[in-house]
Amino acid sequence: MSHWIYFFDLCGTAVFALSGALAAGRHRMDPFGVIVLASVTAIGGGSIRDALIGATPVFWIRDPNYIIVILATVIACLLLVRRPRKVPQYTLPVADALGLALFTVIGAEKALNMGLSGMIAVVMGLITGVGGGIIRDLLCRQIPMVLRTEIYATASIIGGIGYTVSLHYGMGEKTALFLAMTCALIIRLSAIKWHLSLPAFDLKTKRE
């Protein structure tokens, strides 16, 4: 992994850790609960990805800097996010959108480096992007965001496709990563701002 992709990976870890910590705060968890929720959000998707593609031991076991970033993010969150300063409502979804965009392209990039096909790279990008959020939402006893009608997984899939297709047609790695990440982020933020969603599959029995 090149230095700049590694830097983006650590940034994504911090962003998703912040997302998990803020979710823990909204559910009034204790400091240990904050650490747990921040950790599973930040490294859950990547751990599933590494286990599936055989990149073991998983990344955060080989490189403890990821754990250090998570703990530093949690400490900063616990110290800085205090009442009476109320956290804006949009902070959590925006942080989550940034993490989704970052981890999607990084997950796809790692799969391609393992010699896997473009289609599998898109799937691995999706798992990396949404896996931690699914675990976070389940621990908070919520329906995972990826299973609702919100445009969430769709943004990740489009970002992953954009990254793999750009590389296939000879675009530079940095440019492809930036464009794909920007595309996924714009789609997700647009969905948040304008409340865009996919049609629901709604089966209801009609009363006679």
Side-chain angles (χ1 to χ4, degrees), residues 1 5 8-9 11-13 15-17 19-20 23 40-55 58-59 90 92-138 142-202:
M1 183 184 293
I5 292 182
F8 274 117
D9 203 11
C11 288
T13 300
V15 169
F16 258 170
S19 171
V40 298
T41 307
I43 62 178
S47 298
I48 297 171
R49 175 205 63 213
D50 283 2
L52 288 174
I53 65 177
V58 295
F59 67 101
Y90 61 80
L92 178 56
V94 170
D96 192 79
L98 283 168
L100 176 70
L102 282 165
F103 275 9
T104 292
V105 293
I106 289 171
E109 184 269 345
K110 186 163 188 177
L112 291 175
N113 284 344
M114 293 284 291
L116 302 175
S117 68
M119 181 180 295
I120 299 302
V122 173
V123 174
M124 290 301 114
L126 175 64
I127 290 173
T128 308
V130 308
I134 290 175
I135 300 172
R136 176 199 64 207
D137 291 346
L138 290 175
Q142 295 178 336
I143 298 175
M145 196 178 300
V146 69
L147 300 181
R148 301 179 220 161
T149 58
E150 295 186 38
I151 297 178
Y152 189 78
T154 305
S156 176
I157 292 170
I158 292 174
I161 291 174
Y163 180 69
T164 55
V165 170
S166 297
L167 290 179
H168 178 74
Y169 285 101
M171 186 177 290
E173 190 176 25
K174 290 183 181 180
T175 305
L177 186 145
F178 177 77
L179 289 177
M181 188 173 66
T182 302
C183 180
L185 182 61
I186 289 175
I187 292 172
R188 179 60 191 143
L189 291 179
S190 299
I192 294 171
K193 180 176 177 58
W194 288 294
H195 305 287
L196 305 176
S197 62
L198 298 173
F201 182 57
D202 188 10

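Model, not experiment: these values are computed from the prediction.
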Interatomic distance, CG@Asp9 vs OG1@Thr128, rounded to 0.5 Å, equals 9.0 Å
One should read off an interatomic distance between Asp137 CG and Met145 CE, to the nearest 0.5 angstrom, of 5.5 Å
Taking every heavy atom of Met124 against every heavy atom of Leu52, the minimum-distance pair comes out as CE-CD1, 4.1 Å
Are any non-hydrogen side-chain atoms of Thr104 and Met181 less than 4.5 angstrom apart?
no
Applying ring-ring contact (aromatic ring centres under 6.0 Å, His included) to Tyr163 and not counting sequence neighbours gives none
Correct closest heavy-atom pair for Arg136 and Gly20 would be CD-CA, 4.1 Å
_Could you go through Glu173 and Ile5, starting from their C-alpha distance and side-chain angles, then the distance that decides it, and tell me whether this counts as side chain to side chain contact (heavy atoms under 4.5 Å, CB included)?_
CA-CA 10 Å; Glu173 190 176 25; Ile5 292 182; 3.5 Å; yes
Measuring only between side-chain heavy atoms, which start at C-beta, is Glu109 closer than 4.5 Å to Leu177?
no
Leu126 and Ser156 have their tightest heavy-atom pair at CA-OG, 3.4 Å
When rounded to the nearest 0.5 Å, the distance separating CD1 of Ile187 from OG1 of Thr182 is 11.0 Å
ask   = Val122 versus Thr164: any side-chain heavy-atom pair under 4.5 Å?
value = yes
Here the pair of heavy atoms bringing Ile151 nearest to Ser197 is CG1-CA, 4.0 Å
Contacts satisfying ring-ring contact (aromatic ring centres under 6.0 Å, His included) that involve residues 117-136 (not counting sequence neighbours) are none
query: Can you check whether Thr175 reaches Ser166 side chain to side chain, under 4.5 Å on heavy atoms?
result: no
The side chain to side chain contact (heavy atoms under 4.5 Å, CB included) partners of Val146 (sequence neighbours excluded) come to Val130, Ile134, Pro144, Tyr152, Ala153
Rounded to the nearest 0.5 Å, the CD1 atom of Ile43 sits from the OG1 atom of Thr13 at a distance of 8.5 Å
Closest non-hydrogen atoms of Gly118 and Leu112, given as atom of the first, atom of the second and distance, are CA-CD2, 4.2 Å
dist Asp96:CG -> Phe16:CZ (nearest 0.5 Å) comes out at 5.0 Å
Sequence neighbours excluded, the answer for salt bridge (Lys or Arg N to Asp or Glu O under 4.0 Å) partners of Arg188 is Glu150
Of all heavy-atom pairs linking Ala180 and Gly162, the shortest is CB-C, 4.3 Å
Those residues at least two apart in sequence (or on a different chain) that pass ring-ring contact (aromatic ring centres under 6.0 Å, His included) with Phe8 are none
Taken in chain and number order and not counting sequence neighbours, the residues that satisfy side-chain hydrogen bond (donor to acceptor under 3.5 Å, both in side chains) with Ser47 are Trp60
*Do Met171 and Leu179 come within less than 4.5 Å of each other through their side chains, counting heavy atoms only?*
yes
When rounded to the nearest 0.5 Å, the distance separating CG of Leu98 from CZ of Phe103 is 11.5 Å
